[in-house]
Amino acid sequence: ATQPFRVILVATVALVMGAPFIRGGFGGGDDHRLLLNHVLVNHPSLKHAIQLFGIVHRDLYQPIPLLSFSAEFAVAQTLGLFRAGVEGGAWLFHLTNIILHAVNTVLVYLVIERLHRSCSNSSPPSHSSHSSHSSHSSHLSHPSHPARASELIAAIAAVLFAVHPLQVEVFAWLNGRMMLLSTLFALLAMLTFGEWLRHGSRRWAVAAAVLVTLCMMSKVRAGVPVLLFL
C-alpha cells in the first residue's frame, strides 16, 4: 500500500517543481529554429511528419521530439490557442515538459526500487553470531522489510531527481524536450531490459531494443547501452 502513495508523492513533487514554468513563453535560439520557424513542425501534416525522420540538425538526429512539437502545434491550432499570437499557446508546450518530468521522476523511483530490491535479494547471508541472529531473525526475515527499505531509498532518490537545480533547464526550456524524451525512453529501456533478464522472454528484449532506438532518436545518449551492459 505504501508504493502507490510514494509514486503519487514523487510525481506531485515533480509537478509542483515545474508548475511555475507553465506561464513561460517561447525562448530564443532553438525555440525559434526548431519550433516557431520550422515549417515541418509548425505546419503539421503526415507528409511533414515523415520528412522529420530524414533531417539532421547540427549533427543531431532527433525526430521524436520534433514530432511531439508538431503534434502540439496541431492541438494548439485546433483549440485556437494562437489566435492572440504564438505566445498564447506556449503553455501547452510547457505543460507537456512538466508532465514528462513528473513521469521521468516516477520512472527513476521504479528503476532504483527494483535495482535496490534485486541487490538486497541477492546479497549473501550475514555471518553474525548465533545469538545476534536469533534476536533479530524475526525482524530481518520479515518479507516486507527489504521492500520497504527499497521503496524508501527509491523515493528519496526520486525526490532529489525532481528538485535538483540541474533539472530546471530541462523542463523550463521548451527544447529540453529532447532530454526529457531521451531520459524517458532510457529509463523505460532499463526497466524492460531488467524484465528480460528476469524472465528471458524475447518480447522484453525486443521492447528494450526499440526503446533504446527511440532514446537515440530523441537525443543521443551513448551511455545507455553501457548501462544495460553493466
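Across all non-hydrogen atoms, the minimal contact from Leu67 to Ala49 is CD1-CB, 3.6 Å. For Val10 against Ala155, the heavy-atom pair with the smallest separation is CG1-O, 3.9 Å. Residue Ile99 comes nearest to Leu15 through the heavy atom pair CA-CD2, 4.5 Å, listed as atom of the first residue, atom of the second, then distance. Heavy atoms only, all atoms of each residue included: Tyr109 and Ala158 are closest at CB-CB, 3.8 Å.
How far OG of Ser68 is from CZ of Phe73: 11.0 Å, rounded to the nearest 0.5 Å. Within the model, atoms CG of Leu184 and CZ of Arg177 stand 11.5 Å from one another, a figure rounded to the nearest 0.5 Å. Here the straight-line distance linking atom CD of Glu113 with atom CD of Gln3 works out to 5.0 Å at 0.5 Å rounding. The line from CG of Leu100 to CG of Leu95 is 9.5 Å long, rounded to the nearest 0.5 Å. Taking CG from Leu214 and OG from Ser218, the interatomic distance works out to 6.5 Å, rounded to the nearest 0.5 Å. The CE atom of Met216 sits 12.0 Å away from atom CG of Leu211, with the distance rounded to the nearest 0.5 Å.
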Report the C-alpha separation of Leu40 and Ser70 in whole Å, then their side-chain angles, then the decisive distance to 0.1 Å, and conclude whether the side chain to side chain contact (heavy atoms under 4.5 Å, CB included) test is met. CA-CA 8 Å; Leu40 300 182; Ser70 181; over 6 Å; no

When you look at Leu187 and Val108, which way does the side chain to side chain contact (heavy atoms under 4.5 Å, CB included) test go after all the steps? CA-CA 7 Å; Leu187 292 169; Val108 166; 3.8 Å; yes

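When side chains are defined from C-beta on, Phe185 does not count as touching Val212, because their heavy atoms never get closer than 4.5 Å. Annotation: side chain of Gln77 is in contact with side chain of Pro44 (closest heavy-atom distance under 4.5 Å). At least one side-chain heavy atom of Leu188 sits under 4.5 Å from a side-chain heavy atom of Leu107. Inter-residue side-chain proximity for Val170 and Leu180 is flagged as met; some heavy-atom pair is nearer than 4.5 Å. Between Ile112 and Glu151, the closest side-chain pair of non-hydrogen atoms is not below 4.5 Å. Residues Met217 and Gln62 are not in side-chain contact: their nearest non-hydrogen atoms beyond the backbone lie 4.5 Å or more apart. For the pair Leu174/Thr96, no side-chain contact is recorded, criterion being any heavy-atom separation below 4.5 Å from C-beta on. The shortest distance between side-chain heavy atoms of Val111 and His116 does not fall below 4.5 Å.
Within a 6.0 Å sphere centred on NE2 of His32, other residues, nucleotides and ligands contribute more than 12 heavy atoms.
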Extract all donor-acceptor atom pairs below 3.5 Å that involve side chains of residues 221-230 and protein atoms in other chains or at least two apart in sequence.
residue, atom, partner, partner atom, Å
Arg221, NE, Ser182, OG, 2.5
Arg221, NH2, Met179, O, 3.4
Arg221, NH2, Thr183, OG1, 2.8

Going by atom type alone, with no hydrogens or angles, which donor-acceptor pairs under 3.5 Å involve a side-chain atom of residues 196-210 and a protein atom two or more places apart or on another chain?
residue, atom, partner, partner atom, Å
Arg198, NH2, Glu195, OE2, 2.8
His199, NE2, Glu195, OE1, 3.1

Table please: side-chain donor-acceptor pairs of residues 85-94 below 3.5 Å, with sequence neighbours left out.
residue, atom, partner, partner atom, Å
Glu87, OE1, Phe26, N, 3.3
Trp91, NE1, Gly88, O, 3.3
His94, ND1, Phe21, O, 3.4
His94, NE2, Gly24, O, 3.4
His94, NE2, Gly25, O, 2.9

With a cut-off of 3.5 Å and sequence neighbours excluded, list every side-chain donor-acceptor pair involving residues 162-169.
residue, atom, partner, partner atom, Å
His164, ND1, Leu166, N, 3.1
Gln167, NE2, Phe161, O, 3.3

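Note on residues 90-101: no pairs pass salt bridge (charged side-chain N to carboxylate O under 4.0 Å, His left out), not counting sequence neighbours.
With ring centers used as reference points, Tyr61 lies 6.0 Å or more from Phe53.
Note on Ile64: it does not cluster hydrophobically with Leu46, by side-chain heavy-atom contacts below 4.5 Å among ILVMFWY residues. Cluster membership check: Val56 shares its hydrophobic cluster with Leu34, using side-chain heavy-atom separations under 4.5 Å among Ile, Leu, Val, Met, Phe, Trp and Tyr.
Of the options Leu66, Asn42, Asn175, Asp30, a side chain to side chain contact (heavy atoms under 4.5 Å, CB included) to Leu35 is made by Asn175 and by none of the others.
Think of Ile156 as one node in a network of Ile, Leu, Val, Met, Phe, Trp and Tyr side chains linked at under 4.5 Å; its network also takes in Leu152, Leu160.
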